[in-house]
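Here it is, the structure in full.
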There are 2 protein chains.
Amino acid sequence: MALRRTAEERRSEIVSAALRLADALGPDRLTTEVIAAEVGVSQPAIFRHFRTKQAIWLAVADNVADRMTAAWDDVLDRPSGPVERIGELVSAQLRLIEATPAIPAILFSRELHVENEGLRARFLELVGRFHQTIAGEVRRAQGEGEMTGDIDPNDIAFLLIGLVQGLALRWSLSRRRFGLEAEGARLLAVQLTLLGQSAAAGTGKDRS
Amino acid sequence: MALRRTAEERRSEIVSAALRLADALGPDRLTTEVIAAEVGVSQPAIFRHFRTKQAIWLAVADNVADRMTAAWDDVLDRPSGPVERIGELVSAQLRLIEATPAIPAILFSRELHVENEGLRARFLELVGRFHQTIAGEVRRAQGEGEMTGDIDPNDIAFLLIGLVQGLALRWSLSRRRFGLEAEGARLLAVQLTLLGQSAAAGTGKDRS
DNA sequence: TTAGTTAGTTATTGCACAATCACCAAGGGA
DNA sequence: TCCCTTGGTGATTGTGCAATAACTAACTAA
């Protein structure tokens, strides 16, 4: 018999086992059986702590949401300029994905897209919050003349998020054959240069 | 008993039923049972025409690849300038996705990512060909001074594909609550303007 | 007309998996 | 010390699904 733990401890053991295994096996091969084996209890023990398997996924989503939110807040607490912060937000996001590689897989999973409406809603909200955060910094950058003011901040944010998501999909399709953050940093630099150029041209600085 | 068809006809009926149902039910709810029902034959009849279920997916991939390739060739046959053609390539891609909405879902499916290595390889190759096509036009645009020459054409192509893929994911997560081609056209215009600006600045044309 | 080929059929198998049931033991208040 | 809450267990059930087996009937070419 497995050692007896408090319910609190077991719940978090189950969530982190689920995240680890969702990466190793793919989100849709994640069965209550393999989670139980990883945690070291019997399969039915899982259902002491989560009424259904979907509930495990919702707890996983909450865990990811908490860590993302913390990373964003961390960037926003720094006393840096808006363009710099946009770069840091994107980098933080890529680092988080690299550290928890199950995340893109979950975004692409049947669980999210078909089985578990609540899971989809949670990730949609999370993506929306990321968009708002970026768009806010873009607005500040435009106000300070560090980024072209001709374009709707929301569209700029969509382009930057598209960069992250396109990268994540390519990373995923390629079986992670390149470094996500390094590749992202290069593309991000390109995009930020493009976004800064006309602002610089307009104010006369940084012209070559 | 279902009407007897030639094997050729049945195969293509099965492929198009699979594409239709992959959209309606989600790619991973696609069972041989529901395909058979849609086509109007018994479930085991499917296995007359495809040795395994994975083989159905490979045929689906070939079908999609053929239609994409045709659409790209169609754009490349027109006597238009490279920047215009880049726009048309992206639009064609978005139209194709909108007309066959199972495509992003398949890209995000367990089938592709976990079960069916051949399927993943086929889509990876397809994405690679799209990238090459775009990068080629970018190179021409740079040669003709219509696009900034400072940036690696491959990176520009990655940004443009990121735009498409990010859009497709957002479309998918949002349950297709916006028009893919219209939204894409707006973002594309933004990105193409950014890419054209410094070229224009360098040659002195189109300066405001 | 008949024989061979091939598109079908019904019945069945075997597996993977979520979920439930009935029962058991650890261990901290009273 | 007793007991009762709670975290565990093994056995089992029901379902969904791909795939196979054994058989049948429709076309086609000689």
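Each chain gets a letter, A, B and so on, in the order the sequences are listed, and its residues count up from 1.
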**Request:** Specify the closest pair of heavy atoms between B/Ile46 and B/Ile14, including all atoms of both residues, with the distance to one decimal.
**Result:**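 Reported closest heavy-atom pair: CD1-CD1, 3.9 Å.
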
**Item:** Of all pairs that satisfy side chain to side chain donor-acceptor pair (under 3.5 Å), the ones with a partner from residues 160-173 of chain B, not counting sequence neighbours
**Value:**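 Residue pairs with at least one partner in residues 160-173 of chain B: B/Arg170-B/Glu183.
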
Which atom pairs, one a donor and one an acceptor, fall under 3.5 Å between side chains of residues 17-27 of chain A and the rest of the protein, sequence neighbours left out?
from	atom 1	to	atom 2	distance (Å)
A/Arg20	NH1	A/Glu38	OE2	2.2
A/Asp23	OD1	A/Arg176	NH1	2.9
A/Asp23	OD1	A/Arg176	NH2	2.9

**Any residue meeting side-chain hydrogen bond (donor to acceptor under 3.5 Å, both in side chains) with A/Arg129, in chain and number order, not counting sequence neighbours** = A/Thr69, A/Glu125

**Message:** What is the separation between atom CD1 on A/Ile35 and atom C1' on C/dA19, rounded to the nearest whole Å?
**Reply:** 14 Å

**Prompt:** How is A/Ile56 classified with respect to the nucleic acid when contacts are heavy atoms under 4.0 Å: base, sugar-phosphate, or nothing?
**Reply:** nothing

**Request:** Tell me yes or no: between the side chains of A/Asn63 and A/Arg67, is some donor less than 3.5 Å from an acceptor?
**Result:** yes

Side chains of residues 151-160 of chain B: which donor-acceptor pairs under 3.5 Å do they make with residues two or more places apart or in other chains?
from	atom 1	to	atom 2	distance (Å)
B/Asp152	OD1	B/Asn154	N	2.8
B/Asp152	OD1	B/Asn154	ND2	3.4
B/Asp155	OD1	A/Arg186	NH2	2.3
B/Asp155	OD2	A/Arg186	NE	2.9
B/Asp155	OD2	A/Arg186	NH2	3.3

**Message:** From CD of B/Glu33 over to P of D/dT20, roughly how many Å is that when rounded to an integer?
**Reply:**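 That distance rounds to 17 Å.
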
**Asked** How would you list all residue pairs meeting ring pair (Phe, Tyr, Trp, His ring centres under 6.0 Å) that involve residues 73-106 of chain A, not counting sequence neighbours?
**Response** none

**Request:** Report the residue (A/Val34 or B/Thr6) whose heavy-atom-nearest nucleotide on DNA chain C is the more 5′ of the two.
**Result:** B/Thr6

**Closest listed nucleotide, where the reference is the side chain of B/Ser42 and the choices are C/dA7, C/dT9, D/dG7** = C/dT9

**Request:** Scan every strand shown for a Watson-Crick or G-U wobble partner of C/dA25, both distances under 3.5 Å, and answer none if you come up empty.
**Result:**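 Its partner is D/dT6.
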
**Complete:** Within residues 8-29 of chain A, the residues having a heavy atom closer than 4.0 Å to DNA chain D are A/Arg10

Pick out the pairs of N or O atoms, protein on one side and nucleotides 2-4 of chain D on the other, that lie under 3.5 Å.
none

**Asked** Taking 4.0 angstrom as the limit, do B/Arg11 and B/Glu8 come out as a salt bridge?
**Response** no

**Message:** Please list, in numerical order, the residues of residues 43-54 of chain B that have a heavy atom closer than 4.0 Å to any atom of DNA chain D.
**Reply:**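 DNA chain D contact set from residues 43-54 of chain B: B/Gln43, B/Pro44, B/Phe47, B/Arg48, B/Thr52, B/Lys53.
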
**Request:** Can you tell me which residue pairs pass the ring pair (Phe, Tyr, Trp, His ring centres under 6.0 Å) test with a partner in residues 15-53 of chain A, sequence neighbours excluded?
**Result:**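 Listed once each, the pairs would be none.
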
**Item:** For B/Arg175, all residues meeting salt bridge (Lys or Arg N to Asp or Glu O under 4.0 Å), sequence neighbours excluded
**Value:** A/Glu117

**Request:** Check the distance between C/dA26's P and A/Arg5's CZ and give it to me in whole angstrom.
**Result:**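 Going from A/Arg5 (CZ) to C/dA26 (P), I get 16 Å.
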
**Asked** Going by an N to O cut-off under 4.0 Å, is there a salt bridge joining B/Arg140 and B/Glu137?
**Response**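 Yes, B/Arg140 and B/Glu137 are salt-bridged.
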
**Asked** Could you give all pairs that pass the ring pair (Phe, Tyr, Trp, His ring centres under 6.0 Å) test and reach residues 64-98 of chain A, with sequence neighbours left out?
**Response**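 Found A/Trp72-A/Phe130.
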
**Message:** Check B/Arg120 with B/Glu111, please: is the shortest side-chain N to carboxylate O separation under 4.0 Å?
**Reply:** no

Within the sub-3.5 Å range, which N or O atoms of nucleotides 13-16 of chain D have a protein N or O partner, and how far apart are they?
none

